[in-house]
Amino acid sequence: MFSRVLNSSANSLHSINSVLDLYKLGVRCSVKLNKHLCTETCKDDAFNDDAAANEYDIVISGGGMVGSAMAASLGNESVFRDCKILLLEASPYRQLSSNLPEKYANRVCALTPGTVELLESFGAWKNICDMRKKKVRRMQVWEACSDAMISFDKNAMTEDLAYIVENDVILTGITRRLEAFQQDNPSLQVMHGAKVERYELPQPHLRDDFQKPLTVLHLDNGKSIKARLVIGADGMNSLLRKTMQVKYVEWDYNQMAVVATLSFSEATENNVAWQRFTPTGPIALLPLTEDMSSLVWTTTPDNAKALLRATEETFIDSLNAALWDDSQKDGFTKRALDTFSSALSFIKPEGSTFRQLPPHIVGVDKKSRAAFPLGLGHAVDYVATRAALIGDAAHRVHPLAGQGVNLGFGDVVCLRDVLSRSRQDGCDLGDLAHLLEYETLRQRHVIPTMAVVDGLNRLYGTSFSPLVLLRSLGLRASDACKPIKDYIVAHGSKAT
């Protein structure tokens with residue numbers, strides 16, 4: 001009797017083990033099948049089918065600098081070699097010219113080393129260097145209400161802090177690489193003259209990732225395309241962001257940035273970026289050549305309009321006065337700052353960095369003057385199922401620190417790396433799980449940067465004596481502390 005029970009138990013145990021073995025085999029087969037499906041998703045056997053021809057793995061909406069860099073960066077990665085990637089650009093196709101215009105454009109960017117590293121990774125930086133750029137070895141910041149100043153450089157000006165490049169030159173350099181990638185890889189496509197009129201985003205649910213509906217993009221030419229992942233690089237008025245229905249925090253600074261191309265009285269090495277804070281906003285001079293710089297003058301809307309209407313002589317006089325005028329300096333702050341500087345000199349005998357004088361402006365390009373409004377904007381969420389935001393579609397920042405486009409290029413680096421890992425792990429490119437990793441990583445970098453820039457703009461937008469004193473003492477102390485300045489330079493230089 002006991003032996004029959006024992007045998008029965010053994011048989012039952014054997015049956016259970018058999019069931020478990022079958023279950024494990026099924027799980028392994030399922031995992032392999034899912035991974036195979038994911039790996040093969042970019043090699044759709046129905047590629048030539050009409051339906052499959054309108055389905056893409058990744059669609060990038062917006063062919064500006066950041067959107068084009070996103071497409072080129074993905075096209076350069078071998079892991080995406082078999083993925084169908086489409087860049088949508090609303091403007092019509094233009095043949096790239098081999099000749100640069102003689103005059104410099106009035107919209108420029110200060111590209112950080114982190115951004116340069118991204119552009120180098122897919123070959124665009126060489127194209128930019130073959131056109132034109134200007135290195136920045138030093139940056140000097142000072143204010144109108146006191147003698148406080150701070151300067152930044154790398155290893156006693158032996159390394160470049162940033163590079164000033166026209167927006168058109170950046171986009172041309174990236175576009176040339178995109179065209180080269182297209183010739184080598186037919187899976188990477190660019191569609192010009194196509195604007196998205198409406199998005200249909202799938203709703204999150206519990207079904208398997210590969211069964212989730214694709215995002216549908218309805219174009220203004222009557223066509224519709226589908227995507228496993230759509231990346232919104234469609235600017236501060238992003239249609240994709242609005243379709244995602246994410247909360248968007250924004251406000252207007254009641255300021256405008258006046259831009260222009262300036263010429264100096266004499267040629268110099270001109271490798272210094274200058275910025276002076278005034279109560280109406282900062283004035284920045286960004287080097288272009290030995291005797292030319294690009295102006296970004298933040299001021300009130302009324303003053304901006306007056307500057308655009310002013311004659312060349314009046315404009316130049318107003319600019320030189322804003323750079324050199326000392327009438328707004330506070331006497332009490334000056335005395336307190338002198339005392340503080342004397343104390344710092346006793347503690348730190350080598351003293352602060354030397355003060356350079358800004359160049360004297362003698363001319364402005366007649367057709368270069370323009371103005372645009374300034375504001376802050378930030379999407380609480382950067383991602384949704386099968387959707388992600390990059391660049392100005394996700395965040396908009398004041399130009400005083402030159403971080404706007406660099407933050408966008410940082411988005412490109414981060415999203416590229418996240419999608420690469422997802423592809424290597426055999427996951428769906430549009431799955432929310434790994435897209436949230438991109439959002440978390442970027443917001444940890446973007447939000448503090450935006451907070452600092454916004455705070456600086458507000459702090460220096462007042463001539464209230466106690467605040468002038470506090471910010472002057474803080475700026476003077478920071479200038480005397482090399483570790484603080486090195487940290488600021490390092491944070492501003494990295495892409496992510």
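Note that the numbering runs from 1 along the sequence shown for the chain.
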- Query: Can a salt bridge be assigned to the pair K485 and D153 using a cut-off of 4.0 Å between side-chain N and carboxylate O?
  - Reply: no
- Task: Could you check L219 against L88 for side chain to side chain contact (heavy atoms under 4.5 Å, CB included), going step by step and ending with a plain yes or no?
- Result: CA-CA 10 Å; L219 308 182; L88 289 175; 4.0 Å; yes
- Query: Once the angle between the rings of Y460 and F277 is folded into 0 to 90°, is it parallel (under 30°), tilted (30 to 60°) or perpendicular (over 60°)?
  - Reply: parallel
- Message: Going by salt bridge (Lys or Arg N to Asp or Glu O under 4.0 Å), name the pairs with one or both residues in residues 106-130, residues two or more places apart or in two chains.
- Response: K126-D130
- Task: Assess whether side chain to side chain contact (heavy atoms under 4.5 Å, CB included) is satisfied between K223 and N54, documenting all intermediate values.
- Result: CA-CA 9 Å; K223 294 183 180 180; N54 289 324; 5.8 Å; no
- Query: Are any non-hydrogen side-chain atoms of R416 and N76 less than 4.5 angstrom apart?
  - Reply: no
- Query: Is any side-chain heavy atom of V259 closer than 4.5 Å to a side-chain heavy atom of F372?
  - Reply: yes
- Note on the structure: In short, A310 meets F315 closest at the heavy-atom pair CB-N, 4.2 Å
- Message: A quick test of your reading: do over 12 heavy atoms of other residues, nucleotides or ligands sit less than 6.0 Å from OH of Y487?
- Response: no
- Query: Do V272 and L285 come within less than 4.5 Å of each other through their side chains, counting heavy atoms only?
  - Reply: no
- Message: Just by distance, no angles: are the side chains of D291 and T289 close enough, under 3.5 Å, to form a donor-acceptor pair?
- Response: yes
- Given L86, which of V230, I60, I225 fulfils the side-chain contact (heavy atoms from CB on, under 4.5 Å) condition? I225
- Message: Run the side-chain hydrogen bond (donor to acceptor under 3.5 Å, both in side chains) test on T298 and Y253 for me, step by step, so that the C-alpha distance in whole Å, both residues' side-chain angles and the decisive distance to 0.1 Å come before the verdict.
- Response: CA-CA 10 Å; T298 301; Y253 283 122; over 6 Å; no
- Does Q140 reach the main-chain N or O of Q356 with its side chain, forming a donor-acceptor pair under 3.5 Å? yes
- Task: Answer yes or no: is there a donor N or O on one side and an acceptor on the other, between the side chain of S238 and the main chain of D234, under 3.5 Å?
- Result: no
- Indicate the atoms forming the closest heavy-atom contact of A388 with L415, along with that distance. CB-CD2, 4.3 Å
- Query: Between K133 and I128, is there a donor-acceptor pair closer than 3.5 Å when you use the side chain of the first and the backbone of the second?
  - Reply: no
- Where do H395 and D411 come nearest, in terms of heavy atoms and distance? NE2-OD2, 2.6 Å
- Message: Using side-chain heavy atoms (C-beta onward) and a distance below 4.5 Å, is E179 in contact with V190?
- Response: no
- Any side-chain heavy-atom pair from H445 and C414 closer than 4.5 angstrom? no
- Task: Walk me through it: do L295 and L319 pass the test side chain to side chain contact (heavy atoms under 4.5 Å, CB included)?
- Result: CA-CA 10 Å; L295 169 71; L319 178 56; 3.9 Å; yes
- Message: If we ignore hydrogens and angles and just use 3.5 Å, is the side chain of N320 paired with the main-chain N or O of I316 as donor and acceptor?
- Response: yes
- Check: D428 main-chain N/O paired with R228 side-chain donor or acceptor under 3.5 Å: no
- State whether the side chain of N270 and the backbone N or O of M292 hold a donor-acceptor pair below 3.5 Å, judged by distance alone. yes
- Query: Under 4.0 Å between a Lys/Arg side-chain N and an Asp/Glu carboxylate O for D184 and R81?
  - Reply: yes
- Can you find a pair of side-chain heavy atoms, one from L435 and one from V418, that are under 4.5 Å apart? no
- Are the side chain of R369 and the backbone of L307 linked by a donor-acceptor contact shorter than 3.5 Å? yes
- Query: Does the side chain of L214 come within less than 4.5 Å of P202's, by heavy atoms?
  - Reply: no
- Query: What closest approach, in Å, do Q443 and P448 show between heavy atoms, and which atom pair accounts for it?
  - Reply: O-CD, 3.6 Å
- Task: Compute whether any side-chain donor of one residue and acceptor of the other, for H434 and D425, lie under 3.5 angstrom apart.
- Result: no
- Item | Any side-chain heavy-atom pair of P287 and N271 under 4.5 Å | no
- Task: Tell me, please, which residues at least two apart from R137 pass salt bridge (charged side-chain N to carboxylate O under 4.0 Å, His left out).
- Result: D160
- Task: Specify the closest pair of heavy atoms between L429 and C83, including all atoms of both residues, with the distance to one decimal.
- Result: CD1-SG, 4.3 Å
- Message: Looking at K195 and D220, is any side-chain nitrogen of the basic one under 4.0 Å from a carboxylate oxygen of the acidic one?
- Response: no
- Task: Decide yes or no on side chain to side chain contact (heavy atoms under 4.5 Å, CB included) for S263 and V362, but give the supporting numbers first.
- Result: CA-CA 6 Å; S263 55; V362 296; 4.2 Å; yes
- Of all heavy-atom pairs linking A72 and F181, the shortest is O-CE1, 3.4 Å
- Message: Could you check whether R442 makes a cation-pi contact with Y382, meaning its NZ or CZ is under 6.0 Å from the centre of the six-membered ring and within 45° of the ring axis?
- Response: no
- Item | Expected output: side-chain R198 to main-chain T243 donor-acceptor under 3.5 Å | no
- Go through the steps for D417 and R421 under the test salt bridge (Lys or Arg N to Asp or Glu O under 4.0 Å), then give the verdict. CA-CA 6 Å; D417 293 346; R421 289 194 296 271; 5.3 Å; no
- Message: Going by ring-ring contact (aromatic ring centres under 6.0 Å, His included), name the residues that satisfy it together with Y104, two or more places apart in sequence or in a different chain.
- Response: none
- Task: Would you confirm whether E439, through its side chain, and D381, through its main-chain N or O, come within 3.5 Å as a donor-acceptor pair?
- Result: no
- Message: Please check this pair: side chain of S121 against backbone of L118, looking for a donor-acceptor N/O pair closer than 3.5 Å.
- Response: yes
